[in-house]
Amino acid sequence: MITKLIRTLMGRPPAKSKAKKGSSATQYKAKRLGVDSSNISRAAYSVAQTLQNKGFTGLLVGGAVRDLMLGMRPKDFDVATNATPEEVKRLFRRAFIIGRRFRIVHVMEGSETIEVTTFRAAPQAQGQTQGQTQGQAQMTGRSGRVLDDNDFGSQSEDAGRRDFTVNALYYDPVAEVIYDYFDGVADVKAKMLRMIGDPLTRYREDPVRILRALRFAAKLNFKLDHASETPIRGAANLLKDVPEARLFMEFMKLVMSGQALACLQALHQYGLHRVLWRELAAIVDTPSAFVEAVLYATDQRVQNDQSVSPGFLLAGLCWDAFDQRWQALIAGGELPMPALHQAADEVFAQKLGQFGVQRKIESDMREIWDLQARLQKTTGKMPLRMVEHPRFRAGYDFLLLRAQSGNAPAALAQWWTDFYHGDEDARSNLLQPLKKTSSTNVRRRRKKKASSEISPALSSAE
Ligand code: ATP
Ligand code: MG
């Protein structure tokens, strides 16, 4: 304050405040900021253009703009507009309003889905979550239109309710202009993650922002600014009030961010892993070599732009718990396959039941575990049938990771590699000698280390 007064008295312009307050936007030519417009999907461009042609605002917003500035090709695009969800829906042939409280529109263009959200006002009172406002105040949109839904607001209000300055940039793909309300452009350049507004208040409003902070810092290799970082230490109690299903979703985003290992380390560093997911505590405290291999492989795939299956990832994270239970049931006299199904049921009930894991993910996980039993059989007709199995590749990749981390016999993984890649002759040769090799191997290993190795379900698993 005093410095500002002195500068003003001395006729100098006031020093640039640490962060802009957000009521007006600085405009930048996108090209000057290094944005390559070929990284923008046709669908995102066309949705924004259609909105503009009809007299509405249509801007790309959020992570996509940030990623464009970083020279990356965004994986999905969000569009912000002053059109109401109903108005948006009317403009596109395949558009669906989804969500009850925060209605957004999914516009399908070709194989892409563009998420279109109407500008929203910031929460009016502390403790309210985003989008919830009090009263029925009418608000005026950027173009002067009156938006009569009390959730809706102007573009600058919309910017203010976003989490980080680098996530509050708007990009007009037609005019190729970026609108910046909170010095997000400077923060992208400085690789700085800074919460808009008072960080503690914003974390209280929505504690999931804490996890988003750690994820973006790791994923983008950004530094969390001091004021945004401080409240995260000791913020574990805030996360306790977040519904488990939402925490789980956020956890999945962390482990699928391409920096899963770094994210888990950060969770550990801030003491948040115990709150996030009870079962995660054990995984992060003493990650098995296998869990590390699964996370590392996931990171590699994301970084190489390959798809990642949540079912595969979760099958990996829960494998140790599942395998221990499976083997305990067999040791207790249960037959291998019924034991496998029972162990899977128990893992779902105890570890995943409360998160509402999608059926598809659950069935993927069960299939991958089931395949671990079936891939132990390297004789007869089974191997040929296995390579035709629609989920073979997932089961085989899973086996490779297990072998790589000492959780399954290396010879078994090698056999499947040879068999999978081999031609007809190679395959029939393999079926012969391996009869001995694999079962001898397996017997030896079984004797040596029954609990942590491949299950005793081996040869009888089919
Ligand atoms: P990603 O690369 O993970 O998609 P993103 O920044 O696009 O990153 P999204 O979850 O897709 O993240 O959200 C889109 C935008 O919505 C964000 O950039 C941010 O502006 C806003 N947003 C999302 N979640 C929150 C939140 N919890 N609080 C405030 N703003 C949020
Ligand atoms: Mg996004």
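Order of appearance sets the numbers: ligands from 1, and atoms from 1 within every ligand.
Selection from E250, K253, R209 by nearest heavy atom to atom 28 (N) of ligand 1 gives R209. Nearest-heavy-atom check against atom 22 (N) of ligand 1 across R212, R162, E205, R120 picks out R212. Around atom 5 (P) of ligand 1, the closest heavy atom drawn from S257, A159, G63 belongs to G63.
Distance alone, capped at 3.5 Å, is enough to place a donor-acceptor pair between the E87 side chain and the T84 backbone. A distance-only check finds no donor-acceptor pair linking the side chain of S405 to the backbone of A293 [under 3.5 Å].
When non-hydrogen atoms are compared, ligand 1 lies under 4.0 Å from neither the backbone nor the side chain of V208. Of the heavy atoms in F164, none comes closer than 4.0 Å to ligand 1. The side chain of D206, and not its backbone, has at least one atom closer than 4.0 Å to an atom of ligand 1 (non-hydrogen atoms only; side chain from C-beta on). Residue R215 touches ligand 1 through its side chain alone, judged by heavy-atom distances below 4.0 Å.
The shortest heavy-atom distance from K219 to ligand 1 is under 4.0 Å.
Not one N or O of D67 is nearer than 3.5 Å to an N or O of ligand 1, by distance alone.
A salt bridge is absent between E109 and R94; no separation between the charged side-chain nitrogens and carboxylate oxygens falls under 4.0 Å. Under a 4.0 Å N-O distance rule, the pair D370/R374 qualifies as a salt bridge. The existence of a salt bridge linking R366 and D345 is confirmed by a sub-4.0 Å separation between a basic side-chain nitrogen and an acidic carboxylate oxygen.
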D397 and R393: CA distance, side-chain angles, deciding distance, side chain to side chain contact (heavy atoms under 4.5 Å, CB included) verdict: CA-CA 6 Å; D397 283 346; R393 188 66 213 209; 3.2 Å; yes
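Exactly one of D187, D183, D163 qualifies for a side chain to side chain donor-acceptor pair (under 3.5 Å) with R194. That residue is D187.
The two residues Y179 and A25 have their closest heavy-atom pair at CB-CB, 4.0 Å. For the pair W369 and C318, the tightest heavy-atom approach, listed with the atom from each and the gap, is CZ2-CB, 3.8 Å.
For ligand 1, the atoms sitting less than 4.0 Å from at least one non-hydrogen atom of N167 are 6 (O), 18 (O), 19 (C), 20 (O), numbered in the order shown with element in parentheses. Every atom of ligand 1 with a heavy atom of G62 under 4.0 Å away is listed here by number and element: 18 (O). Less than 4.0 angstrom separates some heavy atom of R161 from each of these atoms of ligand 1: 29 (C), 30 (N). Taking every non-hydrogen atom of D78 and a distance limit under 4.0 Å, the qualifying atoms of ligand 1 come out as 11 (O), 14 (C).
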